[in-house]
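Nothing fancy with the numbering, it's 1 onward along the sequence. If you're wondering where the values come from, they're calculated on a predicted model, not measured in any experiment.
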Amino acid sequence: MNNSQQRGTSERSQVRRAELIAIGRRLFADTSYDALSMDDIAKQAGVAKGLIYYYFKSKRGYYLAIVEDSVAELVARAAGEPDLPKAERVRRTVDGYLHYAEHHQAAYRTIVTGGVGSDAEVLAIRDAVREELVATIAEGAYGSRAVPPLARLALVGWLSGVEGTTLEWIGALAADAQVDPGTAGEAESAARQPDRDRLGALLVRQLRATLTVIGEFVPECPPPPLPEGAFEPTGDLAPVTGRS
């Protein structure tokens, strides 16, 4: 087999692997890990069970690959575009985070809660995601991914609050989706749940408060100055870095 043929085979393998991961993400979105057997997965995917073993070695290996793929998408969405102004980048980080959680609720729960039981590898993946998101926020606020330990702890505390809030939010969204349309219950749930933009504005305001407290305890990390009118309704998301 020449180099061109090898590249072609490798590309087809990567495409096939990606297809199986996409199928797995859909399956595990609706069914718990324990409830899905490899036979079930192969049947739903329309492939021989041996093909899944070929790419992933085991059911757990398959599951971890799905979690890692989900994590990569979450981090990519949250990272935003590095060339954007700082305030816009942080706003998009929060919005990308919430967008992912809203549209991939099962995967988000797996990432945040650690997945199957106390799976050490899934927990390690979750911790890596947290570190990346904290670094992204630090870079948006201070222009550096590395911050003093106390400042980092404060940002981790904010992110932990974001995780809990987001879990509660998507749980409420899922419950609302079960309400029969046109009923009084639908009107009540619609009035109760904020949309992604409103929730994002709340989380960004909380981040601004966290940055202010960090500045009090860590003088080398002062909060960015607030522009005039930062707390006007149209400026809900601007206060994070003090820049529009």
Residue list, salt bridge (Lys or Arg N to Asp or Glu O under 4.0 Å) with K49, at least two apart or on another chain: D39
Given E132 and R145, is the side-chain contact (heavy atoms from CB on, under 4.5 Å) satisfied, shown in steps? CA-CA 9 Å; E132 179 60 29; R145 293 171 64 86; 2.8 Å; yes
Please round to the nearest 0.5 Å and tell me the distance separating atom CD of E68 and atom CD1 of I111. 11.0 Å
Rounded to the nearest 0.5 Å, what separation is found between the CD1 atom of I125 and the OG atom of S70? 9.5 Å
Measuring only between side-chain heavy atoms, which start at C-beta, is [X] closer than 4.5 Å to [Y]?
{"X": "Y108", "Y": "E163", "result": "yes"}
{"X": "F28", "Y": "I41", "result": "yes"}
{"X": "E19", "Y": "Q14", "result": "no"}
{"X": "T136", "Y": "E139", "result": "no"}
{"X": "L51", "Y": "R16", "result": "yes"}
{"X": "D197", "Y": "L98", "result": "no"}
{"X": "D95", "Y": "R196", "result": "yes"}
{"X": "R12", "Y": "R17", "result": "no"}

Could you walk me through whether E121 and R126 satisfy the side-chain contact (heavy atoms from CB on, under 4.5 Å) test, starting with their C-alpha distance in whole Å, then the side-chain angles of each, then the deciding distance to 0.1 Å, before giving a yes or no? CA-CA 9 Å; E121 289 190 62; R126 180 201 64 187; over 6 Å; no
If the threshold is 4.0 Å, N to carboxylate O, is there a salt bridge linking E131 and R152? yes
Contacts table for residues 164-173: side-chain donor-acceptor under 3.5 angstrom, sequence neighbours left out:
from : atom 1 : to   : atom 2 : distance (Å)
T165 : OG1    : G161 : O      : 2.9
T166 : OG1    : V162 : O      : 2.7
W169 : NE1    : P194 : O      : 3.0

Linking I/L/V/M/F/W/Y whenever their side-chain heavy atoms sit closer than 4.5 Å, directly or via other members, would Y54 and I23 fall into one cluster? yes
Do L202 and V204 share a hydrophobic cluster, counting only Ile, Leu, Val, Met, Phe, Trp and Tyr and linking them when any side-chain heavy atoms are less than 4.5 Å apart? yes
For L36, is there any backbone N or O sitting under 3.5 Å from a side-chain donor or acceptor partner on K59? yes
Worked verdict on Y100 versus H104 for ring-ring contact (aromatic ring centres under 6.0 Å, His included): CA-CA 6 Å; Y100 180 87; H104 305 281; 4.7 Å; yes
Run the side-chain contact (heavy atoms from CB on, under 4.5 Å) test on R198 and D195 for me, step by step, so that the C-alpha distance in whole Å, both residues' side-chain angles and the decisive distance to 0.1 Å come before the verdict. CA-CA 5 Å; R198 192 63 177 164; D195 61 17; 3.2 Å; yes
Take the angle between the ring planes of F56 and Y62 and call it parallel below 30°, perpendicular above 60°, tilted in between. tilted
Check the pair S13, Y55 against side-chain contact (heavy atoms from CB on, under 4.5 Å), reporting the backbone distance first and the verdict last. CA-CA 9 Å; S13 294; Y55 283 108; 3.9 Å; yes
Ignoring hydrogens and angles, write down the donor-acceptor pairs under 3.5 Å from the side chains of residues 210-222, residues two or more places apart or on other chains.
from : atom 1 : to   : atom 2 : distance (Å)
T210 : OG1    : Q206 : O      : 3.1
T212 : OG1    : R208 : O      : 3.1

